[in-house]
Amino acid sequence: MDASGRRTVWDTSEVADDFVLWDDTIGWQWGYPFVFEQLRLVRPDVRVLVDVGCGPGKVAHRAAEDHDLRVHAVDISPRMLALATARYGQPRITFHQAAGWDLPFLDDASVDAAMSCFVLVCVPRREQAQAIAAEAYRVLRPGGRFAVLNAHPGHTGVTFDSFQIGRPGAAYRAGDPIPVRLRRTDGAWVDIVDTYWPAETYHEMLSDVGFAHVWQSVPLLADARRRHGPEAGALERWATERKAPPFLLTVGEK
Ligand SMILES: C[S@@+](CC[C@H](N)C(=O)[O-])C[C@H]1O[C@@H](n2cnc3c(N)ncnc32)[C@H](O)[C@@H]1O
């Protein structure tokens, strides 16, 4: 963690270049597939997806590769978008540079599904995080879903396979800076500072901007096995995750 406890500034080249070195296996095992599932990307009436805070584009890319979709991938970081374009540029993904919280390049009710994975923890104030949810609500068509994936806020201080949010024994309140450790694929750990939001705050943010139905789910071992087959979660690597699920998914339906 930055010795001063300052939150990580995401729109720098330094952070983007480091981000692509972080081990994301846990995300693919316990997180992103359940976002796709909750957004019902396999359905024929889900044709346009927006990924708010797409980073270097891997999740938008997978969504477009595995489903019959057009994807709008949005980020505030020019370097993240440059990496995304170089790695995953393809006709069905349109990349957009965001200037703040708004999505002016998308009309009202113009998308079928929206997602923000590990993004609301990158903004320091609740009104900013809620503004992202408000824009997702605006651009979604009635019946469309917005899925928000984050580290499970109830599991601070737990060392997962490749990350830890918060320190053991420490208590965090909504909006507090929280130290986060992430493991790179080379085994080195990197320290950043995010913002802590409790589960109820994610729920409130989506309810407050108008989502008619809001629910939360925590992908468990049984879900991982259903998605990935009987061997999922059986490895020693996931011993902690089997006891303390690493991610919380908050979903709003318009
Ligand atoms: C932790 S990364 C996650 C990237 C990607 N969603 C993933 O799961 O790999 C968070 C991303 O959100 C972006 N971000 C932060 N605030 C944003 C905002 N207001 N609008 C769009 N992107 C934002 C950051 O630049 C960064 O690329």
Side-chain angles (χ1 to χ4, degrees), residues 7-36 38-39 49-64 71-88 93-106 113-136 138-139 146-151 162-165 178-185 190-197 205 209 219 246-250:
R7 287 178 178 82
T8 299
V9 176
W10 279 89
D11 57 354
T12 65
S13 295
E14 187 192 8
V15 169
D17 289 340
D18 203 58
F19 182 85
V20 293
L21 304 176
W22 301 353
D23 188 335
D24 61 358
T25 312
I26 193 168
W28 291 110
Q29 180 85 7
W30 299 91
Y32 301 125
F34 303 100
V35 171
F36 295 174
Q38 288 285 333
L39 294 179
L49 166 71
V50 59
D51 180 4
V52 183
C54 65
K58 65 191 182 198
V59 190
H61 168 73
R62 181 70 68 86
V71 182
H72 294 279
V74 182
D75 208 280
I76 45 160
S77 162
R79 178 67 181 162
M80 288 284 194
L81 288 170
L83 291 167
T85 307
R87 290 169 173 223
Y88 301 120
I93 305 180
T94 307
F95 293 101
H96 302 272
Q97 170 79 58
W101 326 110
D102 297 341
L103 305 172
F105 34 80
L106 294 176
M115 63 182 178
S116 272
C117 302
F118 310 111
V119 179
L120 301 193
V121 292
C122 297
V123 299
R125 298 215 312 270
R126 174 169 167 160
E127 59 267 32
Q128 297 167 331
Q130 195 159 312
I132 291 174
E135 271 298 85
R138 180 185 69 77
V139 303
F146 178 41
V148 174
L149 179 70
N150 284 291
S162 56
F163 77 88
Q164 175 179 325
I165 67 163
I178 183 166
V180 175
R181 307 193 71 218
L182 300 136
R183 188 173 50 70
R184 295 193 188 112
T185 49
V190 55
D191 295 304
I192 64 167
V193 181
D194 276 343
T195 303
Y196 179 77
W197 304 117
M205 284 195 270
V209 301
F247 299 124
L248 173 70
L249 188 49
T250 305

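Order of listing sets the numbers, starting from 1, for every ligand and every atom in it. Predicted, not measured: the structure shown is a model, and the values here were computed from it. One is the number of the first residue; the rest follow in order along the sequence. Heavy atoms only: backbone and side chains are in, while hydrogens, waters and symmetry mates are out.
Under 4.0 Å from ligand 1, not a single heavy atom of Q128 appears. Of the heavy atoms in C122, only side-chain atoms (C-beta onward) come closer than 4.0 Å to ligand 1. By the criterion of a heavy-atom distance under 4.0 Å, neither the backbone nor the side chain of A16 is placed next to ligand 1.
In this structure, F163 and P246 approach most closely via the heavy-atom pair CZ-O, 3.7 Å.
Here the protein heavy atom with the shortest distance to atom 7 (C) of ligand 1 is Y32 OH, 3.4 Å. At the top of the distance list for atom 1 (C) of ligand 1, counting protein heavy atoms only, stands F118 O, 3.3 Å. The nearest heavy-atom contact from the protein to atom 24 (C) of ligand 1 is D75 OD1, 3.4 Å. Protein heavy atom nearest atom 3 (C) of ligand 1, with residue, atom name and distance: C117 O, 3.5 Å. Remark: minimum distance from atom 9 (O) of ligand 1 to any protein heavy atom is reached at K58 CE, 3.2 Å. When hydrogens are left out, the protein atom nearest atom 4 (C) of ligand 1 is G53 O, 3.4 Å; that is the closest non-hydrogen contact.
Atom CG in L103 sits 6.5 Å away from atom CZ in R138 (nearest 0.5 Å). Note that the CZ atom of F247 and the CD1 atom of I26 stand 4.5 Å from one another [nearest 0.5 Å]. Here CE of M205 is found 5.5 Å from CH2 of W197. Values are rounded to the nearest 0.5 Å. One finds the NE2 atom of H61 at 13.0 Å from the CG atom of D51 (value rounded to the nearest 0.5 Å).
Scanning I76, L103, D102 for the heavy atom closest to atom 15 (C) of ligand 1 points to I76.
Ligand-side atoms of ligand 1 in range of S77: 25 (O), range being under 4.0 angstrom from any heavy atom. Within the listing of ligand 1, atoms 18 (C), 19 (N), 20 (N) sit less than 4.0 angstrom from a heavy atom of G100. Ligand-side atoms of ligand 1 in range of F19: 1 (C), 2 (S), 3 (C), 4 (C), 9 (O), range being under 4.0 angstrom from any heavy atom. Heavy-atom proximity to G55, at under 4.0 Å, picks out these atoms of ligand 1: 4 (C), 27 (O). Listed by number with element, the atoms of ligand 1 under 4.0 Å from a non-hydrogen atom of W101 are 19 (N). Every atom of ligand 1 is numbered from 1 in the order shown, and the set under 4.0 Å from a heavy atom of M80 is 27 (O).
Judged by distance alone, the side chain of D102 and the main-chain N or O of P104 form no donor-acceptor pair under 3.5 Å.
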Return all side-chain donor-acceptor pairs below 3.5 angstrom for residues 78-85, not counting sequence neighbours, or 'none' if the list is empty.
| unit_1 | atom_1 | unit_2 | atom_2 | d |
| --- | --- | --- | --- | --- |
| R79 | NE | D17 | OD1 | 2.7 |
| R79 | NH2 | D17 | OD1 | 3.0 |
| T85 | OG1 | L81 | O | 2.7 |

Check residues 114-127 and write down every donor-acceptor pair under 3.5 Å in which the side-chain atom is one partner and the other belongs to a residue at least two apart or another chain.
| unit_1 | atom_1 | unit_2 | atom_2 | d |
| --- | --- | --- | --- | --- |
| S116 | OG | V52 | O | 3.0 |
| R125 | NE | E127 | OE2 | 2.8 |
| R125 | NH2 | E127 | OE2 | 3.4 |
| R126 | NE | Q130 | OE1 | 3.2 |
| R126 | NH1 | E204 | OE1 | 2.9 |
| R126 | NH2 | Q130 | OE1 | 3.2 |
| R126 | NH2 | D208 | OD2 | 2.9 |

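Between the side chains of D75 and S77, no donor-acceptor pair is found at a separation under 3.5 Å.
Residues I192 and W22 have side chains in contact (heavy-atom distance under 4.5 Å, counting atoms from C-beta outward).
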